[in-house]
Amino acid sequence: MTGSGELPDDTAAGGGPGAAVPVRRARRADLASPDSAGSQAADGRPRAAGTVTRTVARMVARTAAGLARACHPGPAAAVTTLVTALVSVAGWGPAGTALTALAVLTGQLSVGWCNDVVDAARDAAGGRTAKPIVAGLVSARTVRAAAFAALAACVPLSLACGVVAGATHLFAVAAAWVYNLWLKGTAASWAPYAAGFGAVPVFVTAGTPGHALPVSLPAPLPAWWVVLAAALLGCAAHLANVLPDIETDVATGVRGWPQRLGAARVRVVLPLPLLAASVLLVVAPPGPAGPAGWLALAGVAACAAAGLLLGRRVPVAPFAAAVGAAGIDVLLLAATPGVITAG
């Protein structure tokens with residue numbers, strides 16, 4: 001990302017006339033196929049209504065599949081699940097937990113779709129035919145519309161969690177959009193991840209029962225070390241998420257923090273923020289650490305080691321390790337009463 005603030009349309013998605021060929025060819029193929037030729041058969045007779053219905057159904061299914069792949073389903077599901085689990089542990093109740101799941105999910109969908117639209121030109125230039133826009137499964141215009149629709153839905157859903165909690169979540173979503181539109185190709189690419197993940201404990205605290213309404217302001221702040229631990233997990237998530245694509249990113253001009261480090265250094269650096277976050281959660285709370293804390297730290301160390309050892313052969317291993325470590329930290333929070341709201 002070199003700083004353009006606009007999401008590209010279908011022509012721009014290919015980075016120019018040559019790079020847009022995959023999308024256009026796919027569309028011409030659809031238009032030329034017998035099932036999508038229109039409401040008339042080759043001999044001029046009206047096409048059966050059932051055939052037209054099947055054609056429309058296939059087109060809708062194709063677009064839905066493209067949108068599902070373009071939203072970055074792995075990270076979206078991981079973040080939504082972990083935040084939802086955290087608010088459930090914090091005592092938001094069934095209604096608050098369900099509302100959180102919807103707010104976080106719509107925010108993550110908007111971020112994922114925005115990312116794929118912004119990256120469409122580079123994806124085409126890099127030959128990433130697995131990307132749904134490049135493959136012609138869905139148009140950049142459709143993905144862009146979906147991103148803004150999800151963002152529009154995220155605003156009221158977030159604010160329904162409470163004014164402070166909602167504003168905090170929208171800040172995290174805005175940080176992710178800033179990453180997509182501006183900071184992804186800079187040395188500060190880690191900052192939106194740290195800010196977004198660091199906002200999670202604030203969101204959870206501000207939305208707990210008794211603190212969600214404006215009359216109860218100011219909402220209490222979470223413990224500082226919880227916020228710092230969450231920010232460190234965000235840095236780890238950034239490294240893990242980018243690692244499989246570093247070589248292609250560098251070839252297409254993306255020069256974010258992980259790309260500047262290089263794949264070999266990222267594999268070595270990645271376990272450090274994971275372990276640092278977990279150490280904070282074990283040793284920073286008042287009182288001595290219990291067996292559950294040390295067991296959780298051992299589990300995070302095992303995840304980090306697995307990601308480091310398997311990262312070269314299994315590209316998704318570092319990201320899976322980061323998700324596993326974050327899940328263990330959520331369990332650690334659950335086992336430490338008052339952690340989220342402790343000052």
Side-chain angles (χ1 to χ4, degrees), residues 1 72 74-76 78-79 82 111-112 115 119 122 126 172 175-176 178-180 182-201 224-284 293-294 296-330 332-333:
M1 170 50 53
H72 296 219
V79 172
L82 291 174
V111 171
N115 183 277
D119 285 351
R122 278 192 293 266
V178 168
Y179 169 82
N180 288 338
W182 177 32
L183 292 180
K184 180 176 182 176
T186 73
S189 61
W190 59 270
Y193 275 82
F197 276 69
V200 170
W224 65 267
W225 39 269
V226 177
V227 176
L228 180 55
L232 287 168
L233 287 175
C235 292
H238 178 36
L239 293 171
N241 195 38
V242 172
L243 178 57
D245 299 321
I246 284 181
E247 293 182 3
T248 305
D249 286 341
V250 171
T252 54
V254 179
R255 295 285 295 168
W257 177 45
Q259 291 86 359
R260 293 168 192 244
L261 288 175
R265 290 191 184 95
V266 167
R267 292 189 189 95
V268 175
V269 171
L270 177 55
L272 301 181
L274 290 174
L275 293 171
S278 301
V279 167
L280 273 174
L281 294 177
V282 171
V283 305
W294 296 116
L297 185 57
V300 170
C303 287
L308 177 62
L309 295 174
L310 298 176
R312 188 178 296 275
R313 291 176 295 171
V314 184
V316 299
F319 180 78
V323 172
I328 291 173
D329 286 335
V330 169
L332 180 59
L333 291 174

Ignoring hydrogens, what is the shortest heavy-atom contact between Pro258 and Val242? Give both atom names and the distance. CB-CG1, 3.8 Å

What one should report as the nearest heavy-atom pair of Trp257 and Ala187 is CB-O, 3.7 Å

Here the salt bridge (charged side-chain N to carboxylate O under 4.0 Å, His left out) pairs for residues 255-278, sequence neighbours left out, are none

Quick one: list whatever passes ring-ring contact (aromatic ring centres under 6.0 Å, His included) with Phe197, sequence neighbours left out. none

Grab the two heavy atoms, one from Ala195 and one from Ala175, that are nearest each other, plus how far apart they are. CB-CB, 4.5 Å

For a quick test of your reading: what N or O donor-acceptor pairs under 3.5 Å do the side chains of residues 314-330 make, sequence neighbours left out?
from, atom 1, to, atom 2, distance (Å)
Asp329, OD1, Ser278, OG, 3.1
Asp329, OD2, Ser278, OG, 3.4

Leu280 side, atom CG; Trp224 side, atom CH2 - distance, nearest 0.5 Å: 6.0 Å

Non-neighbouring partners of Thr252 that pass side-chain hydrogen bond (donor to acceptor under 3.5 Å, both in side chains), sequence neighbours left out: none

Look up atom CG in Leu239 and atom CD1 in Ile246, then write down how far apart they are to the nearest 0.5 Å. 8.0 Å

Please list, chain by chain and in numerical order, all residues satisfying side chain to side chain contact (heavy atoms under 4.5 Å, CB included) with Ala191, sequence neighbours excluded. none

Going through the checks in order, is the side chain to side chain contact (heavy atoms under 4.5 Å, CB included) test met by Asn115 and Val111? CA-CA 6 Å; Asn115 183 277; Val111 171; 5.5 Å; no

Starting at CG of Leu274, measure out to SG of Cys235 and round the result to the nearest 0.5 Å. 10.5 Å

Contacts of type side chain to side chain contact (heavy atoms under 4.5 Å, CB included), residue Val178, not counting sequence neighbours: Trp182, Leu183

Taking only residues two or more places apart in sequence or in another chain, which ones pass side chain to side chain contact (heavy atoms under 4.5 Å, CB included) with Val283? Val279, Trp294

Between atom CZ of Arg122 and atom OG1 of Thr248, what is the distance when rounded to the nearest 0.5 Å? 12.0 Å

Can you list the residues that meet the side chain to side chain contact (heavy atoms under 4.5 Å, CB included) rule with Ala199, with sequence neighbours excluded? Thr168, Phe171, Ala172

side-chain hydrogen bond (donor to acceptor under 3.5 Å, both in side chains) pairs touching residues 297-314, sequence neighbours excluded, are none

Shortest non-hydrogen contact from Leu275 to Ala301? CD2-CA, 3.7 Å

Exercise: identify the closest heavy-atom pair between Val254 and Gly185: CG1-CA, 4.3 Å

Pairs touching residues 232-241 that satisfy side-chain hydrogen bond (donor to acceptor under 3.5 Å, both in side chains), sequence neighbours left out: Ser189-His238, Tyr193-Asn241

For Asp245, check side-chain hydrogen bond (donor to acceptor under 3.5 Å, both in side chains) against everything at least two apart and list the hits. none

Between Leu308 and Pro271, the two heavy atoms sitting closest are CB-CG, 4.3 Å

